Amino acid sequence: MGMTHANAPDMVVDLAPRNPRELVLRNPVIPASGCFGYGQEFAGSVDVQRLGAFVSKGITPKSRSGNPMPRITETPAGMLNAIGLQNPGISGFIRKYPPIWLSWDVPAIVNISAKSVEDFAMMARKLDDVPGVAAIEVNISCPNISAGGFCFGWDAAMSADVTQKVRAATTLPMIVKLSPGALDIVEIAQAVEAEGADAVSLINTLVGMEIDIQRQRPVLANVTGGLSGPAVRPVALRMVYQVAGSVDIPVIGMGGIATVADALQFFMAGASAIQVGTAAFAQPRVLMDLIDGIERWLAARGHSSLGGIVGVANERYQLRRQTPRAEDLLTMESEFTR
Amino acid sequence: MGMTHANAPDMVVDLAPRNPRELVLRNPVIPASGCFGYGQEFAGSVDVQRLGAFVSKGITPKSRSGNPMPRITETPAGMLNAIGLQNPGISGFIRKYPPIWLSWDVPAIVNISAKSVEDFAMMARKLDDVPGVAAIEVNISCPNISAGGFCFGWDAAMSADVTQKVRAATTLPMIVKLSPGALDIVEIAQAVEAEGADAVSLINTLVGMEIDIQRQRPVLANVTGGLSGPAVRPVALRMVYQVAGSVDIPVIGMGGIATVADALQFFMAGASAIQVGTAAFAQPRVLMDLIDGIERWLAARGHSSLGGIVGVANERYQLRRQTPRAEDLLTMESEFTR
Amino acid sequence: MDVMAKTESTFSTREFMGEIIRIEPVMGDAILTTFTAPKKAVAEARPGQFVQILSREPTAYDPLLRRPYSVYRADQKAQTLTVLVRAYGRGSAWLMRQQEGVSLDVMGPLGAPFTVRPKTERLLTVAGGVGAAPLRMLAEAAIRDGKQVTYLMGANDADGLLPARELPDEVEYVVATMDGSAGHTGFVTDIIPAYLQWADQVFSCGPEPMFRTLRAVIHQHRMGDRPDVQMAVERAMPCGIGACLGCVVETRRGMRTACVEGPVFEMDEMLWG
Amino acid sequence: MDVMAKTESTFSTREFMGEIIRIEPVMGDAILTTFTAPKKAVAEARPGQFVQILSREPTAYDPLLRRPYSVYRADQKAQTLTVLVRAYGRGSAWLMRQQEGVSLDVMGPLGAPFTVRPKTERLLTVAGGVGAAPLRMLAEAAIRDGKQVTYLMGANDADGLLPARELPDEVEYVVATMDGSAGHTGFVTDIIPAYLQWADQVFSCGPEPMFRTLRAVIHQHRMGDRPDVQMAVERAMPCGIGACLGCVVETRRGMRTACVEGPVFEMDEMLWG
Ligand SMILES: Cc1cc2nc3c(=O)[nH]c(=O)nc-3n(C[C@H](O)[C@H](O)[C@H](O)COP(=O)(O)OP(=O)(O)OC[C@H]3O[C@@H](n4cnc5c(N)ncnc54)[C@H](O)[C@@H]3O)c2cc1C
Ligand SMILES: Cc1cc2nc3c(=O)[nH]c(=O)nc-3n(C[C@H](O)[C@H](O)[C@H](O)COP(=O)(O)OP(=O)(O)OC[C@H]3O[C@@H](n4cnc5c(N)ncnc54)[C@H](O)[C@@H]3O)c2cc1C
Ligand SMILES: Cc1cc2nc3c(=O)[nH]c(=O)nc-3n(C[C@H](O)[C@H](O)[C@H](O)COP(=O)(O)O)c2cc1C
Ligand SMILES: Cc1cc2nc3c(=O)[nH]c(=O)nc-3n(C[C@H](O)[C@H](O)[C@H](O)COP(=O)(O)O)c2cc1C
Ligand code: FES
Ligand code: FES
């Protein structure tokens, strides 16, 4: 049930420090989009109200019935999914879920996906003042129809464009969720930061496939799917490390997190909060174990707050921490002009 | 010991059909670069002479002592390595190993790495007429110094440039080994095909990292390392599927192959041969098991040759197979001009 | 929002550790694995529901996802659940290697059970392979409720059939084997027509091809909507609680999760593609 | 080249399946695991060599890589090898859960053993933790060869020490514990100076900090190059056969593989960074 005594470490994180509508979480543990339904599915397995926040399934402009089956297959220490964004569409979604969340004591983040900049902006506008919605997460791992299906998240200009239009459409805290398929994920992160993203989250799934050797054809009806789970953790951690060392907004890390030790790796790489997807399928209690375990780990090592370990393993983060503020610069000028 | 009766399936593969110096393997099983030393290390564990071929550790222009320790760490169903190309350099290499291989009955492929186009060409030139060297594999997952350390294999023009210069420097069969970090690996494959690569091999490792939470710093002295093993198999298979469907030269697939079923997935995706790295660390006998097992699987299903299953699960491969030849085109013209 | 506000919420987890207390061979190479379970889990388990069993070592990430097994028996007295496990792939191979004394990581019971209509007096169950498991529990419950049950089962040979001792004596057990080593020689679906007019409801669990034949036979023989037919389908189930949408079944009312809205579906509700 | 040419080659694999026939507690939470091994493997095993044990289920890809364990005993009569296993991480946890009757996937023996110079009469061994394992085998072999052995071991408390019964009677066994529950109170390295002039050779295996202290003590006390000192180092070993270059040790002669050129190195050959 977590610690309640006075010396419990401070686990509170602010994921939108630049935004007046703020996104303050009581702890840094967030179920990931597509892995937690709309929050109710896990009610029989975990205490949803104890979470830092949760992210909804990806919502699209129109309702979608998703891809044909099979949509999922297991891989070594991971899984592939090609759900195909089965969801009721933005309007059906708004009618159905936020009213339920309104009475919940946990911030609900809505994940949105679209194939055009205009559709992204339209959804953001519709969500802007919906009670029960705490923030949006913009999934830029989507094909951009006007760019011939090229993924938004693989191109800095397109990522910036989406971010800018969504920013103009809503004052809600905005998290931009990055794609690991980008050639240089740092470039994308910096582009969306410049356009007003309050935070970035990463990574979305890697593209993979499996072949059924009996039937001699791809296992997934969609041919390819997204790889997630512990298998991808080293790739995710590397990208979080890179991005956290290159932007000034909060970074939400995810990809294969299954244990307290995994979560700590992401914090030390520079993540302010974490998301958990695949691991919670196998063991929903992992979500509670993470909250309790991170708190216990911090307490056992005498950390008064989670913030104390964020970025400690990140060289560039350390450099940034040491970066002098404007007033200090004046006195240090000689050192810099040598 | 493999089948010797008359009905044994034909496992022979030609990996350089365009090259008069040819690269014909008795079977499609090849230990991967960096995972088989120089061929002798496995002598006490497998019958090296039964392999289709083997690839040497990556050779560089000058000798290198590699990265500081730790160089390796284990990850879920995978491993990270940052060996840093410890090797005796091209001259030391040529003196030491090819003379040994000369008496072996298995083609030796030399993997080369360099930081400039000129160095790649220089090494190719030196290897061109070295007895005991059957082919070269050009590792373009290397930083290009003149491009500020940007990886050759992430840029089609740079990849094409290396390929062209190496092609000009040697008539040896040339395999270009692709990097999974490229934004569009198909574009790179087509670029090197156009410049005369005899075959492509893929994938090299994905970039990942791990953090030691006790020491609060990256596990690897090099910070990041290359992810390999079963964890990456779905990503590798997807890329092989894409590339095999887009080029006309042989594709050598690798990334996480550990079982006969895994190998069959790669063949069905369009690979003509496979390489095996990480799995052979854990179980050297996997190399022999693959040779025997693939043969048995083919025989059990009545396939007279391995070629019969190459690409069967690859939609674009199937389309390509149906592509009419020039003479047929004349009679079908009306269909195409509609 | 005061983020440190004390949260007042009650929830009960469906995850538990169950100690294996008995392993018995049952049919073919399948075994019955019996493990301890919380009172609530045993009391609430209904025929057609399933448990998700983590099928890996505590020290390994692989195979990652749980495997679903139908509840075969819920023993209120012993406070145990039993599942029938056949060797198939990586997960079931692991489970079959576990010995008595091992603690299993279990989640459940999950899913929507078979629905026996109050008016139903005569149940026909049609089992193929491990589909025998949920139907055994259904047969037991129906007999307990004073109903009549005819249990049909098909297999390749006699060894692949659920032993008669596993069913209540009151059940009429009729079998078919491909090699004729027991009962009718041929498919179980061959013998269904003889029972269709008798039955109020049909319940089936088995492989996809059996379902398709069963459906064809029923469409050919049934009168109006009678008997109505429920099928427990098989899907890989990453989460088992409706969160991933990886296990869906296409129905007349749209995509439905096999783990929460199923695994039991009305035959006529499903779209057969 | 005629690719179908019949290849005439002989090779012998170092991989074998060994059935666990005995598990015994030995010290602290460590156990001795004894398993069957091919005649050749048992006959050729030398003190300081190790075996690589696959530490996962046959149905799982994780944890992927083998774990190295020093040969603790090679029993020619019983045709078995014994290793000493301490619970540490994922691999050893798996190994410790395996029961008698389980087949282990083993590779070895591997690596370069300790070298006892022909002229050596007096061996001093210095063990820390599981480093006791290779030194036990060394002590046994040296006694068999008619040499004298003083075996020093350090641990936190008496429970963490190798029991005296595990060493040949002829061995002089001297211990140190941090809590004073047995022998000298303090580090094992405190008591080394007393034996240095006596010893012809020193052999050590233990944690890195112990090596560093040992080295300082020896540098302080030794006369010329005497005694010479060999250390068996620990590195994660993906391949164990010199192919991956992941286990290297920096020496005066360059990078050396701990798995083939080690794990035993001359102390003075290693660069200590
Ligand atoms: C409701 C229900 C009840 C069942 N009841 C029984 C029963 O009583 N007895 C019985 O023996 N079997 C039962 N099964 C089937 C049982 O779950 C299968 O034997 C099992 O899924 C096969 O897994 P495996 O690990 O042995 O084989 P694998 O080869 O590992 O799995 C088979 C295939 O399914 C994929 N897969 C497996 N699990 C998942 C997952 N969770 N998510 C995504 N892909 C996955 C694998 O990648 C593989 O392609 C039931 C299945 C369902 C859905
Ligand atoms: C020559 C030698 C002899 C040894 N003898 C003994 C002995 O007699 N008794 C004993 O108890 N221990 C012995 N060890 C140590 C034993 O191998 C360790 O206990 C073991 O490596 C720790 O593994 P684990 O799986 O328990 O822990 P883990 O936590 O899984 O591993 C510890 C760390 O090492 C990494 N790692 C483990 N194995 C590998 C690998 N193969 N490649 C890359 N990274 C890896 C892991 O990622 C992790 O970071 C010996 C080691 C060596 C090198
Ligand atoms: C079944 C499934 C569905 C997913 N759906 C979405 C989605 O709708 N929108 C999105 O941004 N990410 C989606 N993801 C990606 C996850 O949110 C997460 O980025 C990824 O799975 C990596 O985290 P993990 O390894 O902890 O699962 C989905 C992942 C899975 C496994
Ligand atoms: C320890 C190690 C060293 C490697 N060294 C090289 C190398 O020198 N040159 C190269 O092209 N690839 C190198 N690789 C990459 C492998 O050849 C292969 O592309 C990759 O490991 C994926 O295959 P696998 O999953 O079967 O290991 C190395 C891989 C490992 C694990
Ligand atoms: S298994 Fe996840 S929705 Fe059914
Ligand atoms: S473990 Fe691979 S070289 Fe030593």
Side-chain angles (χ1 to χ4, degrees), chain A residues 73-80 150-151 154-155 180-184 206-219 223-227 229-242 255-256 258 260-269 297 309 311-315, chain B residues 73 75-80 150-151 154-155 180-184 206-219 223-227 229-242 255-256 258 260-269 297 301 309 311-315:
Chain A
T73 190
E74 202 186 47
T75 67
M79 65 180 277
L80 286 171
F150 194 83
C151 178
W154 296 350
D155 182 85
L183 183 60
D184 178 2
L206 297 167
V207 183
M209 79 179 286
E210 284 270 281
I211 287 174
D212 180 331
I213 61 169
Q214 302 310 327
R215 303 181 181 207
Q216 310 201 337
R217 65 181 195 212
V219 171
V223 181
T224 61
L227 183 65
V232 309
R233 194 186 69 209
V235 174
L237 187 71
R238 184 262 299 178
M239 290 183 171
V240 165
Y241 181 92
Q242 288 181 301
V260 173
D262 298 343
L264 291 168
Q265 288 199 57
F266 280 80
F267 295 132
M268 292 181 185
W297 191 91
I309 62 162
V312 290
N314 193 319
E315 202 178 312
Chain B
T73 190
T75 68
M79 64 180 277
L80 285 171
F150 194 83
C151 177
W154 296 349
D155 182 85
L183 183 60
D184 179 1
L206 296 168
V207 183
M209 78 180 285
E210 285 270 281
I211 287 174
D212 180 331
I213 59 170
Q214 303 311 326
R215 303 181 180 208
Q216 310 201 340
R217 65 180 195 213
V219 171
V223 180
T224 63
L227 183 67
V232 309
R233 194 187 70 210
V235 173
L237 186 71
R238 184 261 299 178
M239 289 181 171
V240 165
Y241 180 92
Q242 288 180 302
V260 173
D262 298 343
L264 291 168
Q265 288 198 58
F266 280 80
F267 294 132
M268 291 181 186
W297 190 92
R301 275 154 194 80
I309 62 161
V312 288
N314 193 321
E315 202 178 310

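These figures come from a predicted structure and were not determined experimentally. Within every chain, numbering begins at 1; the chains are lettered A, B, ... in the order of the sequence lines, protein sequences first and strands thereafter.
Salt bridge annotation for A:R217-B:E315: absent, with no cationic side-chain nitrogen under 4.0 angstrom from a carboxylate oxygen.
Taking OG1 of A:T224 as the start and OH of B:Y241 as the end, the distance is 9.0 Å to the nearest 0.5 Å. Atom-to-atom distance recorded for A:L237:CG and B:L80:CG is 9.5 Å, nearest 0.5 angstrom. Interatomic distance, B:D262 CG to A:E210 CD, rounded to the nearest 0.5 Å: 8.0 Å.
A:P234 pairs with exactly one of B:V232, B:T75, B:V219 by the side chain to side chain contact (heavy atoms under 4.5 Å, CB included) rule, that one being B:T75.
Only the side chain of B:R301 comes within contact range of chain A, judged by heavy atoms closer than 4.5 Å. There is no contact between B:A236 and chain A, counting heavy-atom distances below 4.5 Å. Of the two parts of B:Q214, only the side chain, counted from C-beta on, holds a non-hydrogen atom closer than 4.5 Å to a non-hydrogen atom of chain A. Proximity to chain A is limited to the side chain of B:V223, based on heavy atoms less than 4.5 angstrom apart.
Ranked by heavy-atom pairs under 4.5 Å with chain B, the list A:G78, A:G181, A:A313 is led by A:A313. Options A:V235, A:D212, A:N314, A:V240 differ in how many heavy-atom pairs under 4.5 Å they form with chain B, and the most are formed by A:V235. Contact count versus chain A (heavy atoms, under 4.5 Å) is highest, among B:A182, B:G208, B:G256, B:A77, for B:G208. For the set A:R238, A:M239, A:Q216, the entry with the most heavy-atom pairs within less than 4.5 Å of chain B is A:R238.
Considering only heavy atoms from C-beta on, A:D184 stays 4.5 Å or farther from B:F150 through its side chain.
For A:I213, the side-chain contact (heavy atoms from CB on, under 4.5 Å) partners are B:A261, B:L264, B:Q265, B:M268, B:W297, not counting sequence neighbours.
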